[in-house]
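One-based numbering, in listed order, for ligands and for the atoms of each. Numbering starts at 1 and runs along the sequence shown.
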Amino acid sequence: MITLAETRQAYRGYAPAYDLLFGPLLQSARRRAIRLANDRPGQRVLEIGVGTGLSLPHYRPDARLDGIDVSGEMLAKARARAAHTPLAGRCHFQLMNAEAMGFEDASFDVVVALFVASTVQDLARFGAEIRRVCRPDGRIVLVNHFSMPGGLSARFGHYLGRYAGSLGFEPYFPLPRFIAETGLTITAIRPTGIFGRLKLVEATRD
Ligand SMILES: C[S@@+](CC[C@H](N)C(=O)[O-])C[C@H]1O[C@@H](n2cnc3c(N)ncnc32)[C@H](O)[C@@H]1O
């Protein structure tokens with residue numbers, strides 16, 4: 001399990017080069033996820049682990065966005081980027097842990113988490129908090145890599161797992177574990193991004 005201190009340290013290190021390393025590579029998946037999630041006028045959206053805000057240009061200009069992250073360095077970049085998007089003035093960023101959020105129950109029409117599930121410290125608390133802050137009829141949209149069980153890549157992922165704290169993510173992250181621990185009700189899973197190797201996951205609260 002990755003600790004909060006390890007996550008913060010890892011993303012403090014990634015922040016200066018994050019957009020270069022993970023920007024264009026993952027951008028088509030971000031665009032697809034945000035278009036799917038933010039498909040109606042005036043939605044109140046929560047983006048968990050908003051990072052440097054690479055998803056921001058893809059939101060509708062009438063969305064009301066709350067972006068949270070545990071890394072102050074990543075969040076500072078999101079704030080700077082937001083000023084240059086149509087969402088400027090309609091988004092609010094907070095240093096906040098997704099596993100203990102300060103929002104009231106059922107606050108959001110949509111909850112989004114892009115490449116975050118494999119970086120959090122406790123998947124069960126992450127899932128419980130997402131379900132709590134999402135409206136009963138709301139939607140949950142995530143993108144992540146999910147490991148295939150067995151084979152060479154699984155063995156390599158297991159091996160890299162000992163470095164998860166320094167990497168800031170779990171290299172071996174199978175879908176069944178994600179579903180079991182988050183308790184989310186999955187309604188659709190589609191391949192996306194990098195030759196379909198990522199998964200775009202839609203879920204509901206109950
Ligand atoms: C791989 S980055 C993804 C950033 C962004 N979503 C993107 O599309 O590039 C994971 C982000 O999740 C944040 N994070 C990890 N654990 C978190 C937690 N418990 N609560 C909030 N943010 C968290 C990290 O600080 C980091 O900015």
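Under the 4.0 angstrom criterion for non-hydrogen atoms, Y18 is in contact with ligand 1. The closest approach between Y11 and ligand 1 falls below 4.0 Å for a heavy atom of the residue.
The nearest heavy-atom contact from the protein to atom 10 (C) of ligand 1 is F115 O, 3.5 Å. Considering only non-hydrogen protein atoms, atom 15 (C) of ligand 1 sits nearest to T119 OG1, 3.1 Å. Distance from atom 27 (O) of ligand 1 to its nearest protein heavy atom, with residue and atom name: D69 OD2, 2.7 Å. Annotation: atom 8 (O) of ligand 1 to nearest protein heavy atom, R30 NE, 2.8 Å. Ranking protein heavy atoms by distance to atom 17 (C) of ligand 1, first place goes to V70 CG2, 3.6 Å.
Listed by atom number, the atoms of ligand 1 under 4.0 Å from G51 heavy atoms are 4 (C), 27 (O). Short contacts between ligand 1 and T7, defined as distances under 4.0 Å to a heavy atom of the residue, involve ligand atoms 15 (C), 16 (N). Atoms of ligand 1 lying under 4.0 Å from any heavy atom of M74, numbered from 1 in the order shown and given with element: 27 (O). Atoms of ligand 1 lying under 4.0 Å from any heavy atom of N97, numbered from 1 in the order shown and given with element: 18 (C), 19 (N), 20 (N). Here is the list of ligand 1 atoms found below 4.0 Å of a heavy atom in M96: 20 (N), 21 (C).
Residue contacts with ligand 1: A98 is placed with a nitrogen or oxygen under 3.5 Å of a nitrogen or oxygen of the ligand (distance criterion only). Considering backbone and side-chain atoms together, I48 places no N or O closer than 3.5 Å to any N or O of ligand 1. Among the atoms of Q121, some N or O lies under 3.5 angstrom from an N or O of ligand 1. Considering both main-chain and side-chain atoms, G49 comes within under 3.5 Å of ligand 1 through a nitrogen or oxygen pair.
Using a cut-off of 4.0 Å between Lys/Arg side-chain N and Asp/Glu carboxylate O, R8 and E73 are scored as not salt-bridged. A salt bridge is defined here as a Lys NZ or Arg NE, NH1 or NH2 lying under 4.0 Å from an Asp or Glu carboxylate O, and K77 with D69 fails to meet this definition. With respect to the salt-bridge test (charged N to carboxylate O, under 4.0 angstrom), the residues R44 and D109 do not qualify.
Screening F178, Y172, F115 against F146 for a ring-ring contact (aromatic ring centres under 6.0 Å, His included) leaves a single residue, F178.
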Verdict with reasoning, L123 to R177, per side-chain contact (heavy atoms from CB on, under 4.5 Å): CA-CA 9 Å; L123 262 182; R177 177 185 160 205; 4.0 Å; yes
One pair to check against side-chain contact (heavy atoms from CB on, under 4.5 Å): F103 and V111. What are the steps and the verdict? CA-CA 12 Å; F103 301 111; V111 180; over 6 Å; no
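Summarising the geometry of I68 relative to N97, their closest heavy-atom pair is CD1-C, 4.4 Å, with the distance given to 0.1 Å.
Atom CD of Q9 is surrounded by 12 or fewer heavy atoms from other residues, nucleotides or ligands within 6.0 Å.
With E129 contributing its side chain and M101 its backbone, the two residues share a donor-acceptor pair below 3.5 Å. With hydrogens and angles disregarded, no donor-acceptor distance shorter than 3.5 Å links the side chain of R30 to the backbone of S55.
Contact annotation for T52 and ligand 1: no heavy atom of the residue comes within less than 4.0 Å of the ligand.
Y14 and Y18 have perpendicular rings, their planes meeting at more than 60° on a 0 to 90° scale where under 30° would count as parallel.
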